[in-house]
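Quick notes on the structure that follows.
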Amino acid sequence: MFYQKFLFNATENDGTHVATDALYSDTAQYGFVRPGSPQDNRIFPGNGGWLATEKLAANLLPQQNENGVSLTKARLALCFGICVPEQGNYQVAVTIQAAETDLNELNLYYGRRQLVREHIHVAAQQQVTIEFYAHVGAYYQAVGTTPVSDNTLYVSILGLDSPATLSAISIKEATVPTLYLAGDSIVADNEAKLPYVAETNGCGWGQVLTPYFKLAVDNQAHNGMTTTCFRDDGHWQLIEDSLQAKDIVLFHFGHNDQKRRALAAYGGYSANLRGFVKDVRAKGALPVLVTSLSRVPKHDKDGDYDLLEEYAQAVLRVSQELAVPVIDLHQFSFKQLCALQNEVDLTQYFNDAAHTNDYGALLTANWLARIIATNKIAPLYDYLNAQPTTLVLPKTQPVNQEFTNEQPISKQPILSYRDTQFLPPALQNELQQALQLHLIDPCVRYLHPYATMPRGQFLYLFAAVAKPFTQSDYLGKYNDVYRYEWDAAYVQAAIDANLIDPATITADRIRLDAPLTGQELISFVIRNLQPLNQRDLSLRACEKIAAQLGLLWSNYNATATVDRLTCLLTVVHATKV
């Protein structure tokens, strides 16, 4: 059985002594890892999720002392990598020993900045050993790349009040089940810049779940995922390939599915969840569904609301239908946030209306654990470390501000779609401009350039460049738009900006699922180029202006449907007028 112990102090002799200048390499297969810059292509395999500038390089070098090694300053991470013989689960023990003064506020992480323990205190001349389970396996670093098969286990100590300190690490194989996380950016791992500031990071709840369970957690959640692209983009395959009997898979989706009209709550979304459940059970493993974390609640004359409620109800129905355990995070978090936003400044916990920072992720993971404990949700209840306690939040003044809608989080904002690589370089360059304008999602692998563009989806992408485009409560102008659906605020913004030609409306229906025609595309684009009080232009008038500006493409047909590529290129060209 594989076992290794690494010693950083001079008082023990039952392991491998490590010098302070022992940097990790494929040859040595263990050593210290210095966090790289945000431009480093090996963000995760190279440094465990910490980003630092060259100016910090000297401060990240470990210094030898009697009790081990430490950094010279706080709020920096001391990282050590160990190559293991194969992918799988391991039991890790990390020892921290204090010298003549106390060590305060140390955090322990492994892998891609997965939290193990926070607020560690070690009294003077004392030592603390923390044991945990860790999973080492393949994962996707960025969209469009091949999976990273890095057999290195990274251990990181972060000093918040005292400098990071490390005395010993031991690692051995473990046979515990794996808890796999399948989900979106609300769950996914995120890197942190150094010096560390918790409020400014992005962090998913899956990144801070390890402290609550006697299991090895493998977080395969990824930014931008829907229940469709999680499978299509290869993320599900990584889980399925390594899934074993008695392993557990948590599914958390909804935030992005809601933005795809083909993934309606009781349609494509529910169908995809059923498929995942059946796949897990076919392996003898155990599925658990999680309803979507509530966004920061909105408020209208009827009270507080969140647009994800229908998707949460759909998950509950699938749970009942297939007898799958379910964690109703949405209902619990919605009630909590409704109360909290009247007491504290939620900008301390959220980066936008949906995405949490490190504090918000900790809060969410605590909620999950409390729901599991209270409802004794099997099989997770049996693996809880301890009964979670309610987090005490600092009392701060509420801020009367509107959170922006969630924005795609991309670790690699370059054109990397698999189905655009065959396009001529000039078109790829223009699609890169569309990416920079936030017209397309940087978090998925396929663009589908020749698929037709539904009117509703066009409004969603056009919001990135439309001026003005202020989302507000839907006032009910069209019969086929439900007030509390995702697209409603975009429709109202388009109405307020006078971007919708009445000639494109049929029987008071905007037809969000109907494919966009060439004439309708030109109408949106040309109206947006005019001053707000000069947008009452007919379809024919818009065509004439577009022809003068060179915005009509070579095979332009007023009544023919347009594909995604044509829409994107036309909008990009219009931004240059």
Side-chain angles (χ1 to χ4, degrees), residues 38-39 41 43-44 139-148 184-185 188 222-238 256-257 259-263 268 272 406-466 515-518 520-522 524-525 550-557 560-577:
Q39 289 73 39
N41 290 328
I43 283 176
F44 286 150
Y139 63 94
Y140 279 99
Q141 178 187 357
V143 174
T145 60
T146 56
V148 174
D184 47 33
S185 57
H222 205 278
N223 300 334
M225 290 296 100
T226 66
T227 50
T228 292
C229 57
F230 191 80
R231 185 185 293 273
D232 291 348
D233 290 7
H235 302 278
W236 176 243
Q237 191 67 52
L238 291 183
N256 299 307
D257 294 78
K259 303 164 193 173
R260 311 293 196 272
R261 297 188 65 81
L263 295 174
N272 287 342
E406 65 263 39
Q407 300 296 318
I409 299 175
S410 174
K411 291 179 171 59
Q412 191 174 355
I414 61 173
L415 195 68
S416 57
Y417 304 107
R418 287 194 170 182
D419 52 3
T420 62
Q421 296 174 3
F422 65 91
L423 294 173
L427 290 184
Q428 292 196 45
N429 181 59
E430 291 191 281
L431 285 177
Q432 178 64 45
Q433 295 174 48
L435 191 64
Q436 293 168 347
L437 289 168
H438 306 292
L439 296 173
I440 48 182
D441 191 341
C443 301
V444 295
R445 185 171 295 188
Y446 297 96
L447 180 65
H448 305 294
Y450 296 118
T452 56
M453 175 68 79
R455 286 165 58 88
Q457 190 173 2
F458 177 77
L459 274 184
Y460 177 57
L461 73 85
F462 196 52
V465 295
L516 194 69
T517 67
E520 292 168 348
L521 169 60
I522 290 301
F524 279 119
V525 168
L551 294 177
L552 297 183
W553 48 98
S554 59
N555 60 343
Y556 172 78
N557 183 318
T561 59
V562 289
D563 56 36
R564 291 172 58 84
L565 180 61
T566 301
C567 287
L568 292 169
L569 296 180
T570 302
V571 174
V572 168
H573 296 164
T575 62
K576 300 175 182 178
V577 172

Taking all non-hydrogen atoms of both residues into account, name the closest pair between [X] and [Y] and its distance.
{"X": "Gly456", "Y": "Arg261", "value": "CA-CD, 4.5 Å"}
{"X": "Cys229", "Y": "Gly224", "value": "SG-O, 3.9 Å"}
{"X": "Ala574", "Y": "Leu551", "value": "N-CD2, 3.9 Å"}
{"X": "Gly268", "Y": "Thr227", "value": "O-OG1, 4.4 Å"}
{"X": "Ala464", "Y": "Leu439", "value": "CB-CD2, 4.2 Å"}

Got [X] and [Y] here, is their nearest side-chain heavy-atom distance under 4.5 Å?
{"X": "Leu459", "Y": "Phe524", "value": "yes"}
{"X": "Leu447", "Y": "Leu431", "value": "yes"}
{"X": "Thr570", "Y": "Val562", "value": "no"}
{"X": "Val577", "Y": "His573", "value": "no"}
{"X": "Leu521", "Y": "Met453", "value": "no"}
{"X": "Tyr450", "Y": "Asp419", "value": "no"}

Hey, what's the ring geometry for Phe230 with His235, parallel, tilted or perpendicular (30° and 60° as the breaks)?
parallel

Geometric class of the Trp553/Tyr556 ring pair [parallel <30°, tilted 30-60°, perpendicular >60°]:
perpendicular

I'd like to know if the side chain of Gln237 reaches the main chain of Gly234, judged simply by a donor and an acceptor atom lying under 3.5 Å from each other, with no hydrogens or angles considered.
no

Main-chain N/O of Val444 paired with Asp233 side-chain donor or acceptor, under 3.5 Å:
no

Mind checking the [atom1]-[atom2] spacing from [X] to [Y]? Nearest 0.5 Å is all I need.
{"X": "Gln428", "Y": "Phe422", "atom1": "CD", "atom2": "CZ", "value": "9.0 Å"}
{"X": "Leu415", "Y": "Ile440", "atom1": "CG", "atom2": "CD1", "value": "6.0 Å"}
{"X": "Gln457", "Y": "Lys259", "atom1": "CD", "atom2": "NZ", "value": "12.0 Å"}
{"X": "Gln421", "Y": "Leu423", "atom1": "CD", "atom2": "CG", "value": "9.5 Å"}
{"X": "Asp232", "Y": "Arg445", "atom1": "CG", "atom2": "CZ", "value": "10.0 Å"}
{"X": "Met225", "Y": "Tyr140", "atom1": "CE", "atom2": "OH", "value": "10.0 Å"}

In plain terms, say whether Asp441 and Arg260 are close enough for a salt bridge, that is, a side-chain N and a carboxylate O under 4.0 Å apart.
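A salt bridge links Asp441 with Arg260.
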
Test Asn272 against every option in Thr228, Asp257, Thr226 by the side-chain hydrogen bond (donor to acceptor under 3.5 Å, both in side chains) rule and name the one that passes.
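That would be Thr228; it is the only one of Thr228, Asp257, Thr226 passing the side-chain hydrogen bond (donor to acceptor under 3.5 Å, both in side chains) with Asn272.
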
